[in-house]
Amino acid sequence: MAETFYITTAISYPNGKPHIGHAYEAIAADAIARFQRAQGRDVRLVTGTDEHGLKMAQTARNAGRDTLDFATEMSNHFREMCARLNISIDAFRRTTEEAHKDTARAVWTAMRESGDLYLDRYEGWYSIRDEAFYDESELIEGEGGVKLSPQGTAVEWQVEESWFFRLSKYRDFLIELNETPGFLEPESRRNEVLGFLKGNELRDLSVSRTSFDWGVDVPDSPGHVMYVWVDALCTYLTGIGFSEDRAHFDRYWPADLHLIGKDIVRFHAVYWPAFLQSAGLPLPKKIFGHGFLLHRGEKMSKSLGNVIDPLELADQFGVDALRYFLLREVSFGNDGSYSSEAIVTRCNAELANSFGNLAQRSLSMIFKNMGGVIRADLPVAEADAALAKAVADGIADLREGFARYDFSGGLDGWMRAVFACNQYVDEQAPWTLRKTDPARMEAVLMTLLRVVRDLAIALRPVVPSSIDRLLDQMGVAADARDYAALDDAGWLAALADSGFTLSQPVGVFPRLEMPATAEGE
RNA sequence: GGGCCCGUAGCUCAGUGGUUAGAGCUGGCCGCUCAUAACGGCUAGGUCGCGGGUUCAAAUCCUGCCGGGCCUACCA
């Protein structure tokens with residue numbers, strides 16, 4: 001049986017439509033999932049929405065809506081985004097599902113049985129907006145001496161009974177865990193978490209609320225609902241059938257990767273492992289906190305009016321162009337910047353001009369000069385072997401890069417291979433060979449067919465639907481497009497024997513129009 | 001207040017002690033014409049944020065400062 005690979009995105013709080021950050025994370029997760037499938041792994045990709053909490057209940061009430069109805073509508077925006085962006089999710093789970101509540105309760109009960117939960121009183125300044133308590137010292141002063149949270153939201157003094165989790169008990173465990181190479185990446189995030197863990201006595205965590213009821217009921221504790229993070233993080237367990245299909249769960253847990261934004265690293269690298277350890281469950285193998293996308297170098301915010309709907313970008317430039325751009329342009333783990341011009345420039349230069357045109361010119365020459373006939377029996381010249389080597393090296397670079405979540409680096413290696421192909425076309429000049437040495441021309445064109453096919457297969461996790469349209473035209477079988485196919489030296493002979501011939505090719509990476517006026521200034 | 005990360009060509013970035021600091025894009029020149037006015041070659045362009053220091057040698061190590069981002073704290 002194939003080795004498994006379980007990856008999750010963050011579980012989004014759907015208090016608005018998904019923004020480009022959600023799209024970015026989903027696309028990265030999907031590229032990883034498709035890459036691992038291409039490597040032969042048995043992959044599960046899970047995402048979902050975290051729909052509990054006072055904010056959701058209040059927003060629904062203010063809109064005069066039933067809370068669950070409202071949450072469903074908002075959640076569907078996220079589900080639709082995944083569909084639109086071609087995110088190959090195996091499950092989309094909502095925290096409002098009964099199966100998920102069963103998961104969260106089971107984890108709670110296990111933590112309680114470990115003696116890590118106790119009932120106490122929580123008093124403090126509470127911000128409804130942030131759903132968080134703040135220490136007196138954290139508050140800032142607003143106009144007229146009003147106390148505000150560090151985020152500038154209103155706070156009120158609240159006293160409530162609360163369950164607490166003995167986080168303090170896990171400090172040494174968490175330090176050791178986060179010091180483990182590879183557990184938390186990138187390095188800068190790991191430094192931060194270790195600084196937090198080593199620099200402070202960990203306070204026990206308040207993990208239940210009594211001030212509202214829109215949440216998962218705490219077992220045997222009427223009036224309490226679970227704290228957001230106990231609830232939401234358990235979605236990673238729900239997603240592979242924790243409370244529905246234990247064999248399936250056991251096959252995929254622990255997760256190979258929780259892909260998250262840098263803003264929620266602490267919940268994943270500190271609270272989550274402590275919860276799991278307490279509940280007697282294995283820990284995820286890796287947490288990766290990616291950076292944020294900036295619009296023209298500026299943070300997105302509603303007040304700046306530069307919030308861009310990712311689906312509009314997908315409509316304007318195409319899903320695959322958006323996917324390619326985000327993975328290629330941004331150094332994964334760092335913040336990145338995007339703009340319409342950057343998308344158009346990058347995609348035109350690399351997808352349309354360099355690779356798309358390479359494919360198009362190669363297939364077109366085979367169609368016109370060989371009648372589209374495939375031949376695998378032609379002699380291989382030194383230049384052909386050298387090109388094959390260059391392409392194999394570029395693909396190896398891509399695979400090594402992607403295995404480390406270095407997408408931009410991996411794609412850089414892939415591009416070098418594309419450049420080598422275009423140089424080869426120029427040097428061999430098959431349009432000249434057509435008159436001087438037609439047999440050699442055929443060998444050159446078949447060499448190009450081979451390398452285009454390999455480059456396409458390598459890139460497929462990034463731009464799957466475009467590549468499939470290309471490989472369809474090339475007669476490459478739908479079940480021979482993973483990385484194992486790269487090692488199949490006999491594919492061209494098999495294709496030739498099948499009698500397949502190329503038709504007039506149709507380009508799959510069109511040049512993009514530069515917007516007349518820059519978007520979202 | 002403490003800590004972490006970043007600041008390298010117009011743009012996006014690589015380069016963490018050692019020859020004249022690199023790549024792609026953009027600009028200029030030349031070539032080619034199979035191809036999506038695409039491709040190839042050549043070329044231009046940098047006080048490596050700023051100032052000190054260590055070293056035979058620093059973009060690379062140390063220190064101070066400036067700018068940006070982030071984490072954190074019973075600063076008043």
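Chain letters run A, B, ... following the sequence lines, proteins first, then strands; residues in each count from 1. Side-chain atoms are counted along with the backbone in the values below, which use heavy atoms only and exclude waters and symmetry mates. Please read all numbers here as calculations on a predicted model, not as lab measurements.
No engagement by A:Gly195 is indicated, since no non-hydrogen atom pair under 4.0 Å with the nucleic acid exists. In this structure, A:Phe509 reaches the bases: a heavy-atom distance under 4.0 Å links it to at least one base atom across the strands shown.
Between B:G15 and B:A58, the two C1' atoms lie 13 Å apart (nearest whole Å). With both ends at atom C1', the span from B:C6 to B:A59 equals 14 Å, rounded to whole Å. Remark: the separation of the C1' atoms in B:C50 and B:U12 is 24 Å, to the nearest Å. Nucleotides B:A9 and B:C48, compared at atom P, are 10 Å apart to the nearest Å.
In this structure, A:Leu512 places its CG atom 16 Å from P of B:U36, rounding to the nearest Å. A:Arg511 has its CZ atom 13 Å from the C1' atom of B:A35, to the nearest Å. We find that CG of A:Leu184 is positioned 13 Å from C1' of B:C4, with the value rounded to whole Å. The NZ-P distance, from A:Lys198 to B:C4, rounds to 12 Å in whole Å. Atom-to-atom, CZ of A:Arg189 to P of B:C6 comes out at 11 Å; the value is rounded to the nearest Å. One interatomic measurement links the two molecules: CZ of A:Phe332 to P of B:C5, which rounds to 20 Å at whole-angstrom precision.
At B:G41, one or more side-chain N or O atoms of A:Gln423 fall inside 4.0 Å of OP1 or OP2 (strictly under the cut-off). For A:Lys262 and B:G69, the shortest distance from a side-chain N or O to OP1 or OP2 is not below 4.0 Å.
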Item to complete: For A:Asn422 and A:Arg361, run side-chain hydrogen bond (donor to acceptor under 3.5 Å, both in side chains): C-alpha distance rounded to whole Å, both residues' side-chain angles, the deciding distance at 0.1 Å, then the answer.
Response: CA-CA 10 Å; A:Asn422 279 320; A:Arg361 68 203 299 209; 2.8 Å; yes

| Chi angles and distances behind the side-chain hydrogen bond (donor to acceptor under 3.5 Å, both in side chains) call for A:Glu329, A:Tyr324 | CA-CA 8 Å; A:Glu329 184 91 355; A:Tyr324 183 83; over 6 Å; no

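Comparing A:Ser354 and A:Arg416 along RNA chain B, the residue whose closest nucleotide (by nearest heavy atom) sits nearer the 5' end is A:Arg416.
Look at B:C75: it lacks any Watson-Crick or wobble partner with both distances under 3.5 angstrom. When Watson-Crick and G-U wobble pairs are counted only if both distances are under 3.5 Å, B:A38 pairs with no nucleotide at all. B:U20 is unpaired under the Watson-Crick or G-U wobble criterion, no partner having all donor-acceptor distances under 3.5 Å. Look at B:G64: its Watson-Crick or wobble partner, with both distances under 3.5 angstrom, is B:C50. Pairing for B:G45 is absent, judged as Watson-Crick or G-U wobble with the two contacts each under 3.5 Å.
Within 6.0 Å of atom CD in A:Glu179, more than 12 heavy atoms from other residues, nucleotides or ligands are found, so the atom counts as buried in its surroundings.
Donor-acceptor pairing under 3.5 Å, judged by distance alone, is absent between the side chain of A:Asn357 and the base of B:A38.
Candidate nucleotides B:C4, B:A35, B:C34 were compared by shortest atom distance to the side chain of A:Asn191, and B:C4 ranks first. Nearest nucleotide to the side chain of A:Asn353, out of B:U12, B:C34, B:A38: B:A38.
Pairing each heavy atom of A:Tyr24 with each of A:Leu293, the nearest pair is CB-CD1, 3.6 Å.
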